[in-house]
There are 2 protein chains.
Amino acid sequence: MAKKRSQTMEENRAKLIAAARKAFAEKGYAAASMDELTAEAGLTRGALYHNFGDKRGLLAAVVDKIDTEMASRAQEIGARAGDDWQGLLAEGAAYIEMALDPEVQRIVLLDGPAVLGDPSQWPSQSSCLQATRQTIDRLIVQGALKPVDAEAAARLLNGAALNAALWIAASDEPQDVLPKAVEAFDALAAGLLKASA
Amino acid sequence: MAKKRSQTMEENRAKLIAAARKAFAEKGYAAASMDELTAEAGLTRGALYHNFGDKRGLLAAVVDKIDTEMASRAQEIGARAGDDWQGLLAEGAAYIEMALDPEVQRIVLLDGPAVLGDPSQWPSQSSCLQATRQTIDRLIVQGALKPVDAEAAARLLNGAALNAALWIAASDEPQDVLPKAVEAFDALAAGLLKASA
DNA sequence: AGCTTGACATACGGCCCGTATGTGGCCTAT
DNA sequence: ATAGGCCACATACGGGCCGTATGTCAAGCT
């Protein structure tokens, strides 16, 4: 059966994104060569500029893919928790753990913001952030949290988790530091609880 | 009076750092040209590679300078507060406000980590972080805070403040968002207080 | 004063990105 | 069925930038 035109195109896009994901993770955005990257995918730079416009466009596509994966996973973990509050903590811990992945760290947390700008402006809307925000919104409506700005709280929590992950990843004994980070994260999050006012 | 050799060298280093600070802030690290940058300082790339080794070395020097300035300012503000707890909150707010400076944002918060790696590994030790850590340490000894890991707490607080700043800077109405961010920051920090356990 | 040292300038090579142009196969219309 | 257009991708080209290797001239020591 002959392949449809649009299908091979979709396949090529996927190949390029996969190769870019690998190259960006291993060498970093700046050091990744488009020639090598496309050759790895069995294509040339022509395909790249046709599909993604430029190098930044490719990074954006990669970030979007990873970010989406992260969000769905975080939501899944959060939903598995008993209540919304436990879910929030679980999401935070999950976020910290995901950020331990060098791929996530390098691409989404380091090069992403530096090259693409503020994450909340990304097309993927930093899905992870949105999920956290919604959970916080629900908790505020339920009266469990202080009536702080949900967006602000979600942002700061994510920022805290992010830095925790960077810290853990850079440490010599990640497994030793992880529980400390999670403990501190839980403590900070508890500051949002109404009871602690 | 004839200038000493070491003196002119120090002056040239300062000129290069100043020019780099401007160029990096305006164009970003990647887009800043070393030729233009050195010409702006009245020198050539030769001086640059002799003094700083490479482009990264220059960025490191710039980051170190800004970071040091930030730390001294934060400590000054913190020391002016009534007690250590108020000082911690004041430092956090000061950090958020300083991060509103485009120069700080672009160089220290975006390009810095992307190019130089984790801030806590920098020679300046991310002085800001150290200051926060020490304050937290004191508060734990005083029994005001839960006995969490001071390093972890300092890291997460800084991360929260950092993201708050990025958020504010990217927003349309910074002055409108700033108080929300500070409020959320204070709430999170309150989670560290023993009384809230 | 002559020599050495080193701070800085100049010259060179190589890589990489983005664009402009070429081409071969798929799709459609008659 | 086939002829032509279109489009996804390949190839070719130019410009810029970084890092190094080499040159130069003044400062400092003897």
Side-chain angles (χ1 to χ4, degrees), chain A residues 1-63 106-107 111-112 114-116, chain B residues 1-63 106-107 111-112 114-116:
Chain A
M1 122 184 191
K3 284 184 185 173
K4 287 268 171 203
R5 197 94 185 273
S6 59
Q7 183 182 338
T8 68
M9 193 175 172
E10 203 54 44
E11 287 175 7
N12 284 343
R13 279 181 60 96
K15 273 193 223 167
L16 287 172
I17 291 180
R21 184 168 174 162
K22 191 179 164 200
F24 288 159
E26 287 176 358
K27 310 183 174 184
Y29 173 78
S33 162
M34 307 296 266
D35 276 318
E36 289 181 16
L37 194 160
T38 50
E40 184 94 9
L43 297 164
T44 69
R45 289 218 320 282
L48 221 169
Y49 284 91
H50 190 74
N51 278 295
F52 300 98
D54 60 357
K55 194 178 182 178
R56 279 187 58 185
L58 181 59
L59 176 63
V62 172
V63 162
R106 178 93 230 185
I107 300 178
D111 286 332
V115 176
L116 304 174
Chain B
M1 125 186 190
K3 283 185 185 174
K4 288 269 170 202
R5 197 97 185 270
S6 60
Q7 182 183 340
T8 69
M9 193 175 172
E10 202 56 43
E11 287 175 7
N12 284 342
R13 280 181 58 98
K15 274 193 225 165
L16 288 172
I17 290 179
R21 184 168 174 163
K22 192 179 164 203
F24 289 159
E26 287 176 359
K27 310 184 175 184
Y29 174 77
S33 162
M34 307 295 268
D35 277 317
E36 289 182 16
L37 194 160
T38 51
E40 185 93 7
L43 297 165
T44 68
R45 291 220 320 283
L48 222 169
Y49 285 90
H50 190 73
N51 277 295
F52 300 98
D54 59 359
K55 194 177 182 180
R56 280 186 57 185
L58 180 59
L59 176 63
V62 172
V63 162
R106 179 95 227 190
I107 300 179
D111 286 333
V115 177
L116 303 175

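In what follows, every chain begins at residue 1, and chains take the letters A, B, ... in the order their sequences are listed.
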Peer 1: Rounded to whole angstroms, how far apart are CZ on B/R56 and C1' on D/dC17?
Peer 2: 18 Å

Peer 1: By nearest nucleotide on DNA chain C, pick out whichever of A/E36 and B/M9 is the more 5' one.
Peer 2: B/M9

Peer 1: Check A/R21 against A/I107 and note the closest heavy-atom contact, atom names and distance.
Peer 2: O-CD1, 3.4 Å

Peer 1: Could you state the CG-C1' distance from A/L58 to C/dC16, rounded to the nearest angstrom?
Peer 2: 15 Å

Peer 1: Just checking B/A32: base, sugar-phosphate only, or nothing, at a heavy-atom cut-off of under 4.0 Å?
Peer 2: sugar-phosphate

Peer 1: Quick one: B/D35 CG to C/dC12 C1', roughly how many Å, whole number?
Peer 2: 13 Å

Peer 1: Quick check for you: among C/dC8, D/dA10, D/dT20, whose closest atom lies nearest to any side-chain atom of A/T44?
Peer 2: D/dA10

Peer 1: With rounding to the nearest 0.5 Å, note down the distance linking CG in B/N51 to CD1 in B/I17.
Peer 2: 9.0 Å

Peer 1: For B/A30, report the nucleic acid contact type (base, sugar-phosphate, nothing); a contact means any heavy atom under 4.0 Å.
Peer 2: nothing

Peer 1: Report which part of the nucleic acid B/S33 touches: base, sugar-phosphate, or nothing (heavy-atom distance under 4.0 Å, all strands).
Peer 2: sugar-phosphate

Peer 1: Counting side-chain heavy atoms from C-beta on, which of D/dA12, C/dC8, D/dC9 comes nearest to A/N51?
Peer 2: D/dC9

Peer 1: Give the rounded distance in Å between these two atoms: NZ of B/K27 and P of D/dC18.
Peer 2: 11 Å

Peer 1: Separation of A/F24 atom CZ from C/dC16 atom C1', in whole Å?
Peer 2: 13 Å

Peer 1: Of the nucleotides C/dA7, C/dC17, C/dA9, which one has an atom closest to the side chain of B/H50?
Peer 2: C/dA7

